[in-house]
2 protein chains.
Amino acid sequence: MQVAVNFFSKHKQVISYGLSLAILLFLLKWLEMRYVIINHSLEIYIGAIAMIFTGLGIWLALKLTKPKTVVVEKEVFIHSEDTFYPNNQSIEKLGISRRELEVLQLISAGFSNQEIADQLFVSLNTIKTHSSNLFGKLDVKSRTQAVEKAKRLNIIGK
Amino acid sequence: MQVAVNFFSKHKQVISYGLSLAILLFLLKWLEMRYVIINHSLEIYIGAIAMIFTGLGIWLALKLTKPKTVVVEKEVFIHSEDTFYPNNQSIEKLGISRRELEVLQLISAGFSNQEIADQLFVSLNTIKTHSSNLFGKLDVKSRTQAVEKAKRLNIIGK
DNA sequence: TTTTAAGTCATACTTTTGAGTGATTTTGGT
DNA sequence: ACCAAAATCACTCAAAAGTATGACTTAAAA
């Protein structure tokens with residue numbers, strides 16, 4: 001029982017197409033009789049049939065063919081900025097404080113010590129102390145090295 | 001002249017289909033005459049035409065329709081280390097030379113001017129000149145800014 | 001051949017960075 | 001209230017970075 005219902009629902013389209021075809025054939029039969037009786041030109045009749053069935057064929061083909069699926073691979077660049085999470089383990093292990101991390105981020109953004117001092121409302125000397133302590137903890141000798149290493153250790157974003 | 005050639009080559013397929021159709025129609029005319037003469041059943045003749053033109057319609061539809069393209073977006077994770085290609089357009093636009101690019105890469109790797117000079121077997125002053133020119137072209141004022149901007153412009157890898 | 005751009009190097013000078021040291025103040029937790 | 005870490009700042013000195021200018025060589029392009 002269930003199987004039968006399943007069959008009908010699954011082939012609903014095909015069945016409806018079949019029915020349409022049958023109706024069309026009956027229509028043609030009727031047309032044929034009329035034309036034969038009225039004795040019109042056979043060419044017109046033939047032409048009509050040809051056109052109708054050409055159209056039917058086109059319609060059938062368009063409806064029944066599966067879409068030719070073309071899979072286009074589209075590159076989606078995943079920017080690490082979107083998914084960056086600082087490696088807190090590294091930060092704690094190295095004993096880097098919040099303020100130092102802040103300074104580190106500004107250094108990596110390309111700011112000079114003076115600019116960082118202005119942004120954080122502290123003196124230039126303070127920033128120098130922070131950066132110096134930072135270099136010690138990161139075991140580097142310059143700001144560019146610090147940035148390179150911090151990015152490598154995922155302490156700051158890339 | 002060129003236009004005409006262009007027209008024929010561009011519509012080659014459509015034209016060949018049209019010719020096929022014409023040939024088919026002549027064939028039918030011939031069949032019609034034979035059937036009329038031999039006085040066979042009209043139903044068979046009609047049926048044959050219907051089938052032929054249905055087939056023609058299907059064939060036409062299949063040949064002429066563009067494939068229904070389904071674009072499937074596929075996420076491709078690009079690891080910058082594996083697949084970095086320098087943005088040559090930016091490099092050319094800024095007029096950065098090979099040597100300057102080389103210096104830029106070493107700067108971003110965290111090397112000092114002296115270390116870079118040693119690696120490239122040139123003098124410290126030469127590296128200073130290169131980096132100074134580089135900063136001018138990148139419109140920055142320090143090596144850290146240069147690194148930041150160059151990475152942002154995809155001139156060097158991250 | 002002349003011109004042009006790239007690369008090299010030097011000198012003189014200024015600015016920035018970084019090391020080392022020491023000191024004071026905040027802050028958070030026991 | 002006390003302690004320790006964090007944060008602040010100053011001062012000096014040295015090294016590195018950066019600017020400006022000019023000169024020389026070479027290779028490629030006009």
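Side-chain atoms are counted along with the backbone in the values below, which use heavy atoms only and exclude waters and symmetry mates. Because the structure is a prediction, the values reported are computed rather than measured.
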According to side-chain hydrogen bond (donor to acceptor under 3.5 Å, both in side chains), who are the partners of [X], at least two apart in sequence or on a separate chain?
X        : value
B:Ser132 : none
B:Ser131 : none
A:Ser108 : none
B:Glu102 : B:Arg99

Output for pair (A:Leu94 CG, A:Gln89 CD), nearest 0.5 Å, gives 11.0 Å
Straight-line distance of A:Glu92 CD to A:Ile96 CD1, nearest 0.5 Å:
11.0 Å
State whether A:Asn113 places a side-chain N or O below 4.0 Å from either non-bridging phosphate oxygen (OP1 or OP2) of C:dT17.
yes
For B:Thr129, which residues count as a side-chain contact (heavy atoms from CB on, under 4.5 Å) partner, sequence neighbours excluded?
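Counting only residues at least two positions away or on another chain, B:Thr129 forms a side-chain contact (heavy atoms from CB on, under 4.5 Å) with B:Asn133.
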All side-chain contact (heavy atoms from CB on, under 4.5 Å) counterparts of B:Lys149, not counting sequence neighbours:
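Once residues adjacent in sequence are excluded, the partners of B:Lys149 under the side-chain contact (heavy atoms from CB on, under 4.5 Å) criterion are B:Asp139, B:Val140, B:Arg152, B:Leu153.
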[N] [atom2] sits how many Å from [X] [atom1], rounded?
X        : N      : atom1 : atom2 : answer
A:Ile96  : D:dA5  : CD1   : C1'   : 16 Å
A:Leu104 : D:dA7  : CG    : P     : 13 Å
A:Phe135 : D:dA16 : CZ    : P     : 14 Å
A:Arg99  : D:dT8  : CZ    : C1'   : 9 Å
B:Glu92  : C:dA6  : CD    : P     : 12 Å
B:Asp118 : C:dT8  : CG    : P     : 14 Å
A:Leu101 : D:dA7  : CG    : C1'   : 15 Å
A:Ile107 : C:dT17 : CD1   : C1'   : 10 Å

Protein-nucleic acid N or O pairs under 3.5 Å, nucleotides 25-28 of chain C:
none

Under the salt bridge (charged side-chain N to carboxylate O under 4.0 Å, His left out) rule, collect the residues that match up with B:Lys137, sequence neighbours excluded.
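Only B:Glu100 meet the salt bridge (charged side-chain N to carboxylate O under 4.0 Å, His left out) criterion with B:Lys137.
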Can you find a pair of side-chain heavy atoms, one from [X] and one from [Y], that are under 4.5 Å apart?
X        : Y        : value
A:Thr126 : A:Leu120 : no
A:Ile91  : A:Asn87  : no
A:Val147 : B:Val147 : no

Check step by step if side-chain contact (heavy atoms from CB on, under 4.5 Å) holds for A:Ile127 and A:Leu106.
CA-CA 11 Å; A:Ile127 300 304; A:Leu106 291 171; over 6 Å; no
Counting only pairs under 3.5 Å, give me each side-chain donor-acceptor contact of residues 111-118 of chain B, with atom names and distances, residues two or more places apart or in other chains.
from, atom 1, to, atom 2, distance (Å)
B:Ser112, OG, B:Glu115, N, 3.2
B:Asn113, OD1, B:Arg143, NH1, 3.1
B:Asn113, OD1, B:Arg143, NH2, 3.3
B:Gln114, NE2, B:Asp118, OD1, 3.2
B:Glu115, OE1, B:Ser112, N, 2.9

Check each residue of residues 120-133 of chain A for a non-hydrogen atom within less than 4.0 Å of any atom in DNA chain D, then write out the ones that pass by number, or none.
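Nucleic-acid contacts, sorted: A:Val122, A:Ser123, A:Asn125, A:Thr126, A:Thr129, A:His130.
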Heavy atoms within less than 4.0 Å of DNA chain D: which residues of residues 138-148 of chain A have one? Give them sorted by number.
none
Here's a test of your reading of the structure: between B:Gly95 and A:Gln114, which maps to the more 5' nucleotide of DNA chain C?
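Counting from the 5' end, the first nearest nucleotide belongs to B:Gly95.
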Does the protein touch nucleotides 24-30 of chain D at the base, only the backbone, or not at all? Give it as B, S and - per nucleotide, heavy atoms under 4.0 Å.
-------
